[in-house]
There are 2 protein chains.
Amino acid sequence: MGLKIGELAKATGTKVETVRYYERIGLLPEAERTSGNYRSYAPAHLDQLNFIRHARRLGFDIADIRSLLDLAGQPERDCAEVDRIASGHLRAVEDKIARLALLREELNRMIGQCRGGSVGNCRIIETLADHGLCESDHGGG
Amino acid sequence: MGLKIGELAKATGTKVETVRYYERIGLLPEAERTSGNYRSYAPAHLDQLNFIRHARRLGFDIADIRSLLDLAGQPERDCAEVDRIASGHLRAVEDKIARLALLREELNRMIGQCRGGSVGNCRIIETLADHGLCESDHGGG
DNA sequence: ATGCACCCTGTAGCAGCTACAGGGTCAAGG
DNA sequence: CCTTGACCCTGTAGCTGCTACAGGGTGCAT
């Protein structure tokens, strides 16, 4: 009566292997089994997998999603913790953007200096060979 | 007479294990060995490792760096290929930034809707549970 | 001879999947 | 009844770019 794993996967835009992976790491609860040992999923699984996939698409990592699922299961709790997780993730995303923006500038400058010609006097290669030629701090990370 | 691996590592801001890793995958040529079987690095190694580290800091992946090193060793060649690699990477970085910016918007909206209170009516949890509540296409990928 | 900092090899772990190999199940068609 | 094909099962290895051991050797000072 429940969904087979392939159906669940299709319904949520997930790969079958990924569903099994989520089960293995305990992110998705184990499904009932049919007499033929096939997994059989209930609507609750569908909801939870949708939640997981959505959170993943938003870039939350598995540990965060675990916490969020846990919290979602305790509706009476204060949602400050939810907020904390989401805000922390937002900050991480902003950080990543900032770092990538620095790389973009540096790459742009590097590429802009290349006037064609031979590798021997290619500014891109020169710049890569000598960090001193860089302006910004696209530094250690 | 050459540098020991720890000295090379320090001089380039690399970990010793990483240097050995680069050698193992053939990114850095093998070093001479002392009578005691210690690696002994020449200045050329130092230059190459600096090149590698700089490229890594700029986000190039190992395959790209392999190509760049290869090209750097053929100074008479046209640098169009170098340009192609760098530009491709720049585009990848821009792509990543664009995708992260979408996530940032969506996260911002989600978090902005949370008015405190209990998890039971937390907009963050609701939004995660239902992708339909999203506006942007922070979609599959 | 003893201690210590450094070096060696080899292997396993991280995240988050993905992709097999080598089998079983089930419904349809001949 | 038997086969074909689509699906399912478990278990394990691979991807990227390192990082972190374990279990040993080297080299120099005391």
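Below, chains carry the letters A, B, ... as their sequence lines are ordered, and counting in each starts from 1.
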Handout entry: Qualifying side-chain hydrogen bond (donor to acceptor under 3.5 Å, both in side chains) pairs with a residue from residues 7-19 of chain B, counting only residues at least two apart or across chains
Key = B:Thr12-B:Thr14
Problem - A:Gln74, CD: over 12 other non-hydrogen atoms inside 6.0 angstrom - result: yes
Practice task
For the pair B:Glu94 and B:Arg91, find out whether any cationic side-chain nitrogen is under 4.0 Å from an anionic carboxylate oxygen.
Solution key: no
Handout entry: Short side-chain N/O contact to D:dC9 OP1/OP2 from A:Arg39, under 4.0 Å
Key = yes
Handout entry: First of B:Asp61 and B:Gly36 reached from the 5' end of DNA chain D, by closest nucleotide
Key = B:Asp61
Practice task
Classify the nucleic acid contact of A:Ile25 as base, sugar-phosphate or nothing, counting any heavy atom under 4.0 Å across all strands shown.
Solution key: nothing
Problem - side-chain N/O B:Arg53 vs D:dC18 OP1/OP2, d < 4.0 Å - result: yes
Handout entry: B:Arg20 vs C:dC8: side-chain N/O to OP1/OP2 distance below 4.0 Å
Key = yes
Handout entry: Nearest-angstrom distance from the residue atom CG of B:Leu8 to C1' of C:dC8
Key = 16 Å
Exercise for the section: Check step by step if side-chain contact (heavy atoms from CB on, under 4.5 Å) holds for B:Leu128 and A:Leu68. Expected result: CA-CA 9 Å; B:Leu128 286 172; A:Leu68 289 170; 3.8 Å; yes
Fill in the blank from the handout: Rounded to whole Å, the CZ-C1' distance (B:Phe60 to D:dG17) equals 17 Å
Problem - ring pair (Phe, Tyr, Trp, His ring centres under 6.0 Å) partners of B:Phe51, counting only residues at least two apart - result: none
Exercise for the section: State whether B:Lys4 places a side-chain N or O below 4.0 Å from either non-bridging phosphate oxygen (OP1 or OP2) of D:dG27. Expected result: no
Practice task
Round to a whole Å and report the spacing from OH of B:Tyr21 to C1' of C:dC7.
Solution key: 21 Å
Practice task
Calculate the interatomic distance between A:Asn37 atom CG and C:dC26 atom C1'; express it in whole Å.
Solution key: 14 Å
Exercise for the section: Look at the side-chain N and O atoms of B:Lys15 and state whether any lies under 4.0 Å from the OP1 or OP2 oxygen of D:dA20. Expected result: yes
Practice task
Please check the phosphate of C:dC7 (OP1 and OP2 only) for any side-chain N or O of B:Arg33 closer than 4.0 Å.
Solution key: no
Completion exercise
Residue pair B:Glu17/B:Gly6 against DNA chain C: nearer the 5' end by closest nucleotide is B:Gly6
Problem - Trace of the side-chain hydrogen bond (donor to acceptor under 3.5 Å, both in side chains) decision for A:Asp130 with A:Thr127 - result: CA-CA 5 Å; A:Asp130 185 358; A:Thr127 305; over 6 Å; no
Practice task
Would you indicate, yes or no, if D:dC18 has its OP1 or OP2 atom less than 4.0 angstrom from a side-chain nitrogen or oxygen of B:Arg24?
Solution key: no
Handout entry: Any A:Thr18 side-chain N or O less than 4.0 Å from OP1/OP2 of C:dG16
Key = no
Practice task
Describe, as an angle rounded to 10 degrees, how the axis at the first end of the helix from C:dA1-D:dT30 to C:dG30-D:dC1 is tilted relative to the axis at the last end, five pairs per end.
Solution key: 40°
Problem - First encountered from the 5' end of DNA chain D, between B:Tyr38 and A:Glu23 - result: A:Glu23
Practice task
Ignoring hydrogens and angles, state whether a donor on the side chain of B:Thr34 or B:Asn37 is under 3.5 Å from an acceptor on the partner side chain.
Solution key: no
Exercise for the section: Calculate the interatomic distance between B:Lys96 atom NZ and D:dT16 atom C1'; express it in whole Å. Expected result: 11 Å
Handout entry: Whole-Å gap separating P (C:dA27) and CD (A:Glu7)
Key = 12 Å
Exercise for the section: In whole angstrom, give the distance that lies between atom CZ of A:Arg56 and atom C1' of C:dT18. Expected result: 14 Å
Problem - Donor/acceptor link under 3.5 angstrom from B:Tyr22 side chain onto base of D:dG17 - result: no
Exercise for the section: Calculate, to the nearest 0.5 Å, the distance between atoms NE2 and CG belonging to A:His89 and A:Leu58 respectively. Expected result: 6.5 Å
